[in-house]
Amino acid sequence: MTELERHTYDVVVIGAGGAGLRAAIEAREQGKRTAIVCKSLFGKAHTVMAEGGCAAAMGNANSNDNWQVHYRDTMRGGKFLNNWRMAELHAQEAPDRVWELETYGALFDRTPDGRISQRNFGGHSYPRLAHVGDRTGLELIRTLQQKIVSLQQEDFEATGDYEANLKVYAECTVTELLKDGDAISGAFGYWRESGRFILFDAPAVILATGGVGKSFKVTSNSWEYTGDGHALAMRAGATLINMEFIQFHPTGMVWPPSVKGILVTESVRGDGGVLKNSEGKRFMFEYVPDVFRAQYAETEEEADRWYKDADNNRRPPELLPRDEVARAINSEVKAGRGTPHGGVFLDVSSRLPAEEIKRRLPSMHHQFKELADVDITAEPMEVGPTCHYVMGGVEVEPDTASSVVPGLFAAGEVAGGMHGSNRLGGNSLSDLLVFGRRAGMGAALYVDSLAERPKIAEADIDAAAADALAPFELEGGENPYTIHQELQQSMNDLVGIIRKEEEMEQALGRLSEFRGRIAKMTVEGHRQFNPGWHLALDLRNMLTVSECVAKAALLRQESRGGHTRDDFPGMNAEWRKKLLVCGLNADGSVNVDEKQQIPMREDLLELFEVDELKKYLTEEELPA
Ligand code: FAD
């Protein structure tokens, strides 16, 4: 029998970013004993890095904004592949979730008349991102943590124990979900510091583990983004959708090499920054695709006027959705018009006074000064695409965030559907709040509906422990760091921003080799704080998600959002109707099935002009 500590809860939330914390608050408020488990320190989740803001159609900066406009923008950004019900709920509920944060103690930047300020971002028709300078994620996490502390204080009043109903297990990594028959019965993991095992006995688990960026070499993502939740869900029998869609943010740092990939927030462009090539040309005017032509300025004069008078001018093309801008930068660099370090120039220094730049973009000013010795108030930045966000994730039911496995829920970046083939900037923070809350409610309702608690079998615990310890059992195998580097390089080179059939075939060949090598890798030392062991366990997850990305990308024979095929350059309306659904075979390899999208509800379809719908939908999908 495996030696471990055991805890019993109603709901276990895996992940302490925005989605996990909002879910946990909801589950606790619904009266459920809730645990929050996170593999990093509490407060260090990826959400903390979010800079630009949280999209919500509050209409503070432009009273023409409303949920319908936000819905339309989100569907356009995702190239109509989004789960329309999720996009609807998101657009409708985001303003309330932002207000709610202020009731928890958040303080967003203000308009001159005292309302929550909202800034421009790519693909959003109006200034829509509620923000706190360029440190919005920090305020979001700080506030949610504060709310958790206040709930714990209430619990102390009632029970004499702060952690009676809501407890955080930080630096604790979940490696397996456990089931009783078809239904979730708990989660198994280890403490990072001691390596000792821990078991959570719970009928409901909410995955809020974030993304998968660490499978790619150049990424804005932090060390935690190893696709754990995606892989845990699959091993438990859930399905993933949209895994072929990876967002390459157009502006990551390209120099010096040690910081390559670190994000340069879209707020730089939202606040007036422009992209130029080595010839000094504002090249984005050359890259406005037909589907967006009517909404974007054709001249620099019109684009510049838009910053002061958005109602009577069209938007600058620097604010096209991210996939378009990333591809344009890629093309300029390939055509030999890149910067000395292989990016393009992003210039805000000639557009805003130095003091204004420091006020609006304090983190960017600091980041470039400290990391690249560049003063962005005096000279342009060098930027290029970086792997940033995964649109794909656990297939969930929109209203409750439940997966196909009873008792398993998912919210935030680990969930799929909401953003379709491409996420608009700012739509993640609002997604975390809207669907984090819904996941908390869904899990609480599920627990209430159970006639009896699922049970955990000792044999399943022993199997999870044996799997976790397997890398210690072999001698003379490869070290996980080497395999990780090769995996990242392969994904970057072969399944990156522009994809080709033969390269993806090659990637799949390499992934299958990695599978064999991972099964035989060795870690040195013992279980006490052993990063090599932690990476070995994470690698299995990175391999699974990489396989999902490569297999789905190979199958989808069109280009759409975060999936660009060199050999199939255009969007294809027949492919828009299809979702690619990833599941696991018994041997741990990935299978991908096609599934038809559910057609959009008629009243939502009516929010669009038929001429616009014709660009995305097949003839028979168009309204009569
Ligand atoms: P996270 O915040 O990443 O939290 C994941 C949690 O899961 C962590 O606590 C982690 O420790 C835990 N975890 C993972 N695996 C395990 C495991 N096996 N066991 C236990 N715990 C685990 N979006 C916007 O909308 N607006 C922005 O301005 C914006 N700016 C961004 C800037 C940067 C630099 C980056 C990188 C992203 C930005 N994004 C932005 C995207 C957004 O920040 C993320 O999509 C979002 O924060 C994800 O939140 P989450 O709650 O899903 O996951």
Side-chain angles (χ1 to χ4, degrees), residues 12-23 35-56 94 119 121 128-132 134-138 140-141 144 168-177 187-192 198 200 205-214 219-232 247 249 251-253 261-267 270 363-364 367 386-391 393 410-415 419 423-433 435-436 439 534 537-538 541:
V12 171
V13 180
I14 308 176
L21 297 187
R22 188 61 191 83
I36 301 171
V37 191
C38 53
K39 73 179 186 182
S40 48
L41 287 167
F42 194 49
K44 288 287 255 180
H46 202 73
T47 301
V48 104
M49 294 161 74
E51 294 161 351
C54 175
R119 67 158 41 119
F121 244 50
R128 190 177 279 148
L129 270 68
H131 57 95
V132 183
D134 57 3
R135 298 185 180 121
T136 312
L138 179 64
L140 194 138
I141 287 287
L144 292 172
V168 179
Y169 296 79
E171 296 206 280
C172 182
T173 305
V174 171
T175 59
E176 218 59 78
L177 301 177
F188 174 94
Y190 66 90
W191 289 105
R192 289 178 68 76
I198 179 165
F200 298 94
V205 168
I206 300 175
L207 294 170
T209 48
V212 309
K214 279 294 167 193
T219 178
S220 64
N221 289 183
S222 62
W223 67 271
E224 301 142 282
Y225 267 25
T226 52
D228 294 7
H230 291 75
L232 285 168
Q247 182 170 84
H249 194 291
T251 59
M253 291 178 82
I262 291 185
L263 194 76
V264 180
T265 175
E266 194 167 323
S267 317
S363 301
M364 283 305 104
Q367 179 174 312
T386 179
C387 172
H388 185 56
Y389 186 89
V390 60
M391 270 68 73
E413 195 167 339
V414 70
H419 306 286
R423 172 180 72 90
L424 292 186
N427 268 2
S428 173
L429 293 189
S430 35
D431 165 1
L432 311 181
L433 298 171
F435 293 103
H534 305 161
L537 296 177
D538 293 348
N541 301 332

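All figures in this text were calculated on a predicted structure; none of them were measured in a lab. Just follow the structure's listing: the first ligand is 1, and inside any ligand the first atom is 1. Because only heavy atoms are used, hydrogens play no part in the values below, and waters and symmetry mates are left out as well, while side chains stay in.
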Which of the atoms in ligand 1, numbered in the order shown and given with their element, are less than 4.0 Å from a heavy-atom of A208? 4 (O), 5 (C), 6 (C), 7 (O)
If the cut-off is 4.0 Å to any non-hydrogen atom of M49, which atoms of ligand 1 fall inside it? 32 (C), 33 (C), 34 (C)
Is there a heavy atom in G425 that sits closer than 4.0 Å to ligand 1? no
A student comparing F121, Y190, Y225 should find that the heavy atom closest to atom 3 (O) of ligand 1 comes from Y225
How close does the nearest protein non-hydrogen atom get to atom 35 (C) of ligand 1, and which residue and atom is it? H388 CE1, 3.3 Å
Using heavy-atom distances, let me know which of R192, K39, H46 sits nearest atom 13 (N) of ligand 1. K39
I want to know if ligand 1 touches G20 in the polar sense, i.e. an N/O pair below 3.5 angstrom. no
Which heavy-atom pair separates S40 from W223 by the least distance, and what is that distance? CB-CZ2, 3.7 Å
Counting from 1, what ligand 1 atoms have a heavy atom of A45 closer than 4.0 Å? 2 (O), 4 (O), 8 (C), 9 (O)
If I compare all heavy atoms of C172 with all of I198, which pair ends up nearest, and what's the gap? SG-CG2, 3.6 Å
Strictly distance-based, threshold 3.5 Å: is any side-chain N or O of D134 a donor or acceptor partner for the main-chain N or O of S363? yes
Working for side-chain contact (heavy atoms from CB on, under 4.5 Å), residues T173 and L537: CA-CA 10 Å; T173 305; L537 296 177; over 6 Å; no
Does E413 reach the main-chain N or O of V390 with its side chain, forming a donor-acceptor pair under 3.5 Å? yes
Output yes when the distance from some N or O of ligand 1 to some N or O of G412 is under 3.5 Å, and no in every other case. no
Which residue and atom name correspond to the protein heavy atom nearest atom 31 (C) of ligand 1, and how close is it? A50 CA, 3.3 Å
For ligand 1, which atoms, with element, lie under 4.0 Å from some heavy atom of E413? 44 (C), 45 (O), 48 (C), 52 (O)
Are L140 and L433 side-chain neighbours, meaning at least one heavy-atom pair lies under 4.5 Å? yes
What one should report as the nearest heavy-atom pair of S428 and Y389 is OG-CE1, 3.9 Å
Evaluate the side-chain contact (heavy atoms from CB on, under 4.5 Å) criterion for residues F435 and R22: first the C-alpha distance (whole Å), next the side-chain angles of each, then the deciding distance (0.1 Å), finally the verdict. CA-CA 9 Å; F435 293 103; R22 188 61 191 83; over 6 Å; no
Identify which of C172, G15, G227 has a heavy atom lying nearest to atom 20 (C) of ligand 1. C172
Going by the atom numbers of ligand 1, which of them fall below 4.0 Å from some non-hydrogen atom of N427? 25 (O)
Below 4.0 Å, non-hydrogen atoms only: which portion of S222 touches ligand 1? Side chain, backbone, both or neither. neither
To the nearest 0.1 Å, how far is atom 51 (O) of ligand 1 from its closest protein heavy atom, and which atom is that? A19 N, 3.0 Å
Report yes or no: does V414 have a heavy atom closer than 4.0 Å to ligand 1? no
Mind checking whether T209 contacts ligand 1 via backbone (N, CA, C, O), side chain (CB onward), both or neither, at a 4.0 Å heavy-atom cut-off? both
Judged by atom type as modelled, is there a donor-acceptor pair below 3.5 Å linking the side chain of T219 to the main-chain atoms of K214? no
For the backbone of G52 and the side chain of R119, can you confirm whether one donor and one acceptor N or O come within less than 3.5 Å of each other? yes
Could you report the tightest heavy-atom contact between L263 and E51, atom names first, then the distance? CD2-OE1, 3.6 Å
Check if G137 has a non-hydrogen atom at a distance under 4.0 Å from any atom of ligand 1. no
Atom 8 (C) of ligand 1: of H419, E224, H249, the nearest heavy atom sits on E224
Can you report which non-hydrogen protein atom sits closest to atom 50 (P) of ligand 1, along with the distance? L432 CD2, 3.7 Å
Main-chain N/O of H131 paired with T136 side-chain donor or acceptor, under 3.5 Å: no
Close N or O approach (A411, ligand 1; < 3.5 Å): no
Taking the six-membered ring for Trp, are H46 and Y225 parallel (under 30°), tilted (30 to 60°) or perpendicular (over 60°)? parallel
Please report which non-hydrogen protein atom sits nearest to atom 49 (O) of ligand 1, along with the residue it belongs to and the distance in Å to one decimal place. T47 OG1, 3.1 Å
For T136, is the nearest heavy atom under 4.0 Å from an atom of ligand 1? no
Could you list which atoms of ligand 1 come closer than 4.0 Å to a heavy atom of G52? 27 (C), 28 (O)
Please report the shortest heavy-atom distance between A410 and A415, naming the atom on each side. O-CB, 3.8 Å
Test: R423 and D431 ion pair at under 4.0 Å: no
Near S220 (heavy-atom distance under 4.0 Å), the atoms of ligand 1 are 36 (C)
Strictly distance-based, threshold 3.5 Å: is any side-chain N or O of E224 a donor or acceptor partner for the main-chain N or O of C38? no
Closest to atom 19 (N) of ligand 1 among protein heavy atoms sits V174 N, 2.9 Å
Please walk me through it: do T265 and F121 pass side-chain contact (heavy atoms from CB on, under 4.5 Å)? CA-CA 10 Å; T265 175; F121 244 50; 4.1 Å; yes
With only distance considered, is A16 within less than 3.5 Å of ligand 1 through an N or O on each side? yes
Heavy-atom nearest neighbour in the protein, as seen from atom 42 (C) of ligand 1, with distance rounded to 0.1 Å: S428 OG, 3.5 Å
Heavy-atom nearest neighbour of atom 39 (N) of ligand 1 within options H131, R423, R135: R423
S220 backbone acceptor or donor facing T386 side chain under 3.5 Å: yes
Atom 33 (C) of ligand 1: which protein heavy atom is closest, and how many Å away? L263 CD2, 3.5 Å
At a 4.0 Å threshold, what atoms of ligand 1 neighbour a non-hydrogen atom of Y389? 45 (O)
